[in-house]
J.: 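Structure in structure tokens, see below.
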Amino acid sequence: MVYDNKTANQTETVLQAENVNVYYGDFLAVKGIYLNIPKNKVTAFIGPSGCGKSTLLRCYNRLNDLIPIFRLSGLVTYRNQNLYGKDIDPVQVRRKIGMVFQRPNPFPKSIYDNIAFGAKINGYKGNMDELVEKSLRGAALWDEVKDKLKQSGLALSGGQQQRLCIARTIALQPEVVLMDEPCSALDPISTLKVEELIHELKENYTIVIVTHNMQQASRVADYTGFFNVTEVEGGNRQGYLAEYAPTEQIFQNPQEEATQQYVSGRFG
């Protein structure tokens with residue numbers, strides 16, 4: 001069970017960080033993270049630039065491994081399994097913990113093949129037509145594209161491309177979907193559609209979203225973690241988790257002065 005930092009609320013834990021420190025070379029970039037991510041909830045990470053939000057997000061599906069100087073200490077678990085254990089295959093991790101990036105990045109393929117490609121290379125044996133339709137429906141995109149599945153995914157609008165990327169992610173049937181500022185490149189109408197989709201997706205998935213938009217966090221998240229930075233030797237910035245609680249508390253009754261200043265727009 002998970003107990004957040006400041007309340008007695010509890011629910012099933014899917015992801016857990018225990019005393020996680022992230023290094024780039026010898027530099028300690030993110031320090032001392034303790035954080036539990038609850039099942040079938042939306043958890044938002046907010047905070048100023050350089051505070052470690054996206055870095056921590058990428059720890060959950062081992063994407064930071066692609067950075068040669070990255071190093072992690074502490075424990076990151078998925079359903080109590082150490083994600084950085086010697087016997088863990090990062091590719092398998094990414095099938096269970098999917099990622100939607102800041103800018104839509106459809107493959108230069110048809111809408112249909114954008115969904116089918118990942119499933120094929122991962123050995124999907126079921127009915128592909130059904131999977132494509134189910135995934136596009138899950139991303140609230142089916143009705144808009146069902147008559148043009150052979151057209152390039154790159155021909156869609158920005159908001160549709162992002163929902164296509166979400167459909168591509170859920171086609172692999174993950175349990176967790178990570179979203180790194182998924183609306184930052186979208187117009188307000190497309191942003192609203194993605195936010196509505198996030199609300200629907202949490203019925204079947206655990207969502208973790210990084211956002212610089214505090215209004216977005218307040219609209220979509222059940223829990224919010226506020227990350228902050230401190231200046232360290234050499235003028236570098238070190239990120240840390242300042243406060244983690246139900247979103248309503250973070251925005252209406254934060255326990256830390258820095259959180260209050262950030263959510264009220266006094267810095268960041």
Side-chain angles (χ1 to χ4, degrees), residues 2 4-6 13-37 43-103 105 176-182 184 208-212 217 223-245 250 254-259 261-262 266-268:
V2 53
D4 67 47
N5 292 11
K6 299 294 184 181
T13 298
V14 174
L15 293 167
Q16 190 169 30
E18 294 185 22
N19 195 27
V20 169
N21 298 294
V22 176
Y23 297 84
Y24 294 113
D26 294 329
F27 174 61
L28 177 58
V30 182
K31 180 179 180 181
I33 304 295
Y34 289 86
L35 184 62
N36 297 328
I37 303 296
T43 300
F45 294 168
I46 63 172
S49 297
C51 65
K53 306 182 296 296
S54 293
T55 295
L56 181 64
L57 191 77
R58 293 164 66 94
C59 289
Y60 290 128
N61 70 343
R62 300 281 302 264
L63 277 180
N64 286 324
D65 292 17
L66 304 175
I67 302 172
I69 60 173
F70 163 80
R71 177 167 59 90
L72 179 144
S73 69
L75 186 64
V76 180
T77 62
Y78 166 67
R79 293 201 168 280
N80 297 316
Q81 185 175 33
N82 179 8
L83 288 178
Y84 288 80
K86 293 182 179 179
D87 59 338
I88 298 298
D89 179 359
V91 175
Q92 295 294 333
V93 170
R94 292 168 197 145
R95 290 175 185 165
K96 286 293 186 181
I97 305 173
M99 172 74 88
V100 176
F101 295 93
Q102 183 173 3
R103 291 189 174 277
N105 59 341
V176 180
V177 178
L178 310 176
M179 298 184 172
D180 193 356
E181 298 189 56
S184 65
V208 188
I209 178 172
V210 167
T211 179
H212 278 287
Y223 290 82
T224 296
F226 167 61
F227 290 73
N228 204 357
V229 292
T230 184
E231 298 290 336
V232 294
E233 186 177 351
N236 292 310
R237 292 155 64 88
Q238 187 176 83
Y240 65 97
L241 179 61
E243 187 169 356
Y244 177 54
I250 290 291
Q255 303 301 296
E256 302 294 330
E257 177 63 24
T259 310
Q261 291 182 352
Y262 186 80
R266 279 181 268 172
F267 86 97

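Any value given below was found using the heavy atoms of this structure, including those in side chains, with hydrogens, waters and symmetry copies removed. On a predicted model such as this, the values are computed, not experimentally measured, just so you know.
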J.: Evaluate the side-chain proximity of F27 to N236: yes if any heavy-atom separation is below 4.5 Å, no if none is.
T.: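 Side-chain contact under 4.5 Å: yes.
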
J.: Closest approach of V20 and A17, non-hydrogen atoms and distance?
T.: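 Smallest heavy-atom distance, with atoms named: CG2-CB, 3.7 Å.
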
J.: Got P48 and F226 here, is their nearest side-chain heavy-atom distance under 4.5 Å?
T.: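 When only atoms from C-beta onward are counted, F226 and P48 do touch, with a gap below 4.5 Å.
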
J.: Determine whether a donor-acceptor pair (N or O, by modelled atom type, separation under 3.5 Å) exists between the side chain of Y262 and the backbone of G47.
T.: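 Pair found, side chain donor or acceptor close to backbone of G47.
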
J.: Taking R94 for the side chain and R62 for the main chain, is one N or O donor matched with an acceptor at less than 3.5 Å?
T.: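 At least one qualifying donor-acceptor pair exists.
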
J.: Verify the neighbour count for atom CZ of R79: are there more than 12 heavy atoms of other residues, nucleotides or ligands below 6.0 Å?
T.: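 Yes, enclosed.
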
J.: Quick one: which of L178, L72, L15 gives a side-chain contact (heavy atoms from CB on, under 4.5 Å) with C59?
T.: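 Of all the options given, the one that passes is L72.
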
J.: Short question: side chain of Y23, backbone of S73 - any donor-acceptor pair under 3.5 Å?
T.: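 It does not hold such a pair.
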
J.: Minimum heavy-atom separation for M99 to L63, with atom names?
T.: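 The answer is CE-CD1, 3.7 Å.
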
J.: Are E18 and T77 close enough that some pair of their side-chain heavy atoms sits under 4.5 Å apart?
T.: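 They are not in contact (no side-chain heavy atoms under 4.5 Å apart), so the answer is no.
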
J.: Do R58 side-chain atoms and N64 backbone N/O form a donor-acceptor pair below 3.5 Å?
T.: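 Flag not set: sc R58 to bb N64 has no pair under 3.5 Å.
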
J.: Heavy-atom distance under 4.5 Å between the side chains of I97 and Y78, does that happen here?
T.: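 Yes - at least one pair of side-chain heavy atoms lies under 4.5 Å apart.
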
J.: Compare every heavy atom of N228 with every heavy atom of A258, then report the nearest pair and how far apart it is.
T.: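 In this case the closest contact between A258 and N228 is CB-ND2, 3.6 Å.
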
J.: For N82 and I88, what are the C-alpha separation, side-chain angles and deciding distance, and is it a side chain to side chain contact (heavy atoms under 4.5 Å, CB included)?
T.: CA-CA 8 Å; N82 179 8; I88 298 298; 5.8 Å; no

J.: Would a distance-only check, ignoring hydrogens and angles, find a side-chain to backbone donor-acceptor pair under 3.5 Å from N21 to G32?
T.: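 The answer is yes, because a donor-acceptor pair under 3.5 Å joins these two groups.
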
J.: Nearest heavy-atom pair of I46 and K53: which atoms, and what distance?
T.: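 In this case the closest contact between I46 and K53 is C-CD, 3.3 Å.
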
J.: Rounded to the nearest 0.5 Å, how far does CD1 of I209 lie from CZ of F45?
T.: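 Rounded to the nearest 0.5 Å, the CZ-CD1 separation comes out at 11.0 Å.
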
J.: Any side-chain heavy atom of V76 sitting closer than 4.5 Å to one from Y60?
T.: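 The answer is yes, as the side chains (C-beta and beyond) meet within the 4.5 Å cut-off.
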
J.: I need the minimum non-hydrogen distance between D180 and S54, along with the two atoms involved.
T.: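 Residues D180 and S54, closest heavy atoms: OD1-OG, 2.8 Å.
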
J.: Do Y24 and F70 come within less than 4.5 Å of each other through their side chains, counting heavy atoms only?
T.: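 In contact.
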
J.: Are side-chain heavy atoms of L35 and L56 found at a separation under 4.5 Å?
T.: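 Result yes, sub-4.5 Å side-chain heavy-atom pair found.
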
J.: Between S184 and Q102, which heavy-atom pair has the shortest distance, and what is it?
T.: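 Looking at all heavy atoms of both residues, the shortest contact is OG-CG, 2.9 Å.
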
J.: What I'd like to find out is whether the side chain of N19 reaches to under 4.5 Å of the side chain of Y34, using heavy atoms alone.
T.: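 Side chain of N19 against side chain of Y34, heavy atoms only: contact under 4.5 Å found.
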
